[in-house]
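All values below come from the heavy atoms of this structure, side chains included, with hydrogens, waters and symmetry mates left out.
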Protein chains: 2
Amino acid sequence: MSDTNKYVCVSEDSRAISETLGRIGDKWTVLVVGALRHGPLRYNEIRRIVNGISQRMLTLTLKGLEQDGLVTRTIFPTVPPRVDYELTELGRNLIVPLTALYEWAVEHRSAILVARDEFAKKEREAALQPRFATPK
Amino acid sequence: MSDTNKYVCVSEDSRAISETLGRIGDKWTVLVVGALRHGPLRYNEIRRIVNGISQRMLTLTLKGLEQDGLVTRTIFPTVPPRVDYELTELGRNLIVPLTALYEWAVEHRSAILVARDEFAKKEREAALQPRFATPK
DNA sequence: CTGTATCCACTAAGATACTG
DNA sequence: CAGTATCTTAGTGGATACAG
């Protein structure tokens, strides 16, 4: 509403952020949106692309995305039934920041793995240098 | 490593993405990183900024971030003790895509809320147009 | 083919109390 | 101040079976 606080306070906007991230932050949503970035797909096509997703999670994820206006759901009354999912304008828009995150992930993954390794090493060393005794 | 598949397949990279998003995708991590973006903070300072986080979650989140090399933890052996948390190069780097997401969230929040509203409305209508009967 | 419904294991997360 | 430990509860997510 008021534009007086743009970079002021985290807690102010944290509700907005939490809310949005709660939706798009989980891995399935991101992966499904990623799968749809090139065009509409059918239910089982998404399922094949997003490896490891269960029917339940796919259905829930898609429903959530539809609810939030990120994808459209088109039913073709044929037999067997066919349902297409496609990103809306809003959904396509989301791909931009998501791609940024995606690229960050790919680019820095090795750095993270290295950091984890070193952290584990340090922890082990710390465990070997107790001040006096570290009973149980 | 091989560059033959860049935009080919989601399932290929989905492990990398899931892994990374699993770390940075949850709301607390995002909010904590956001809190630290302007400089180092102490434990309880973060706690105040990130409204509603429990001690447990803050500790876990910080430990995770430290583990992955996104923040540093500096202990000042004073009394009372003082511990500063600060973003590393990697962590500061993460702010870029995170800010993009942040801005997307702020910018499109209202659109999402509208979409949710309309979706709910449609559902209600659909419930009023049963084919024959919708017992129970 | 495109879902829904149910059950169940697992985990995440908050509240609370205590420690260095 | 900066955590740790423990308990309990709510939600997540997978497997399976079934329905339109």
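Judged as a side-chain contact (heavy atoms from CB on, under 4.5 Å), and not counting sequence neighbours, the contacts of A/Arg47 are A/Tyr43, A/Asn44, A/Ile53, A/Gln55, A/Leu58. Applying the side-chain contact (heavy atoms from CB on, under 4.5 Å) rule to A/Asp117 yields no partners; only residues at least two apart in sequence or on another chain are considered. Not counting sequence neighbours, A/Glu107 has no partner by the side-chain hydrogen bond (donor to acceptor under 3.5 Å, both in side chains) test. Applying the salt bridge (charged side-chain N to carboxylate O under 4.0 Å, His left out) rule to B/Arg82 yields the partners B/Asp84; only residues at least two apart in sequence or on another chain are considered. Legend: residues meeting side-chain hydrogen bond (donor to acceptor under 3.5 Å, both in side chains) with B/Arg116, ordered by chain and number and at least two apart, are A/Asp68. Partners of B/Thr61 by side-chain hydrogen bond (donor to acceptor under 3.5 Å, both in side chains), not counting sequence neighbours: none found.
The separation between A/Tyr85 atom OH and C/dC1 atom C1' is 11 Å, rounded to whole Å. Atom P of nucleotide C/dT2 and atom CG of A/Leu41 are separated by 11 Å, given to the nearest angstrom.
By the rule that hydrophobic residues join a cluster once side-chain heavy atoms approach within less than 4.5 Å of another member, B/Leu98 and A/Ile95 end up as members of one cluster. One hydrophobic cluster, built from ILVMFWY side chains closer than 4.5 Å, cannot hold both A/Phe119 and B/Val71; they sit in different ones. A/Trp104 and A/Leu113 sit in two unconnected hydrophobic clusters of ILVMFWY residues. Membership requires side-chain heavy atoms under 4.5 Å apart, directly or through other members.
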Between the protein and nucleotides 13-15 of chain C, list every N/O to N/O distance that falls short of 3.5 Å.
from, atom 1, to, atom 2, distance (Å)
C/dA13, N7, B/Arg56, NE, 3.4
C/dA13, N7, B/Arg56, NH2, 2.6

For nucleotides 18-20 of chain C, which of its nitrogen or oxygen atoms have a protein nitrogen or oxygen under 3.5 Å away, and what is each distance?
none

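Remark: nothing in residues 63-80 of chain B comes within less than 4.0 Å of DNA chain C through any heavy atom.
A 4.0 Å heavy-atom criterion places the boundary nucleotides of DNA chain D facing chain B at D/dC1 to D/dT4, written 5' to 3'.
The rotation axes computed at either terminus of the helix from C/dC1-D/dG20 to C/dG20-D/dC1 lie 50° apart, taking five pairs at each end and rounding to 10 degrees.
In this structure a side-chain-to-backbone donor-acceptor pair under 3.5 Å is missing from A/Gln67 to A/Gly64. Looking at A/Arg109, its side chain never comes within 3.5 Å of a backbone N or O of A/Val106 through a donor-acceptor pair. Here the side chain of A/Thr88 pairs a donor or acceptor atom with the backbone of A/Gly69 at under 3.5 angstrom. Distance alone, capped at 3.5 Å, places no donor-acceptor pair between the B/Glu66 side chain and the B/Lys63 backbone.
Identified under the salt bridge (Lys or Arg N to Asp or Glu O under 4.0 Å) test for residues 90-100 of chain A, with sequence neighbours left out: A/Glu89-A/Arg92.
Closest approach of A/Arg37 and A/Leu87 over heavy atoms only: CA-CD1, 3.9 Å.
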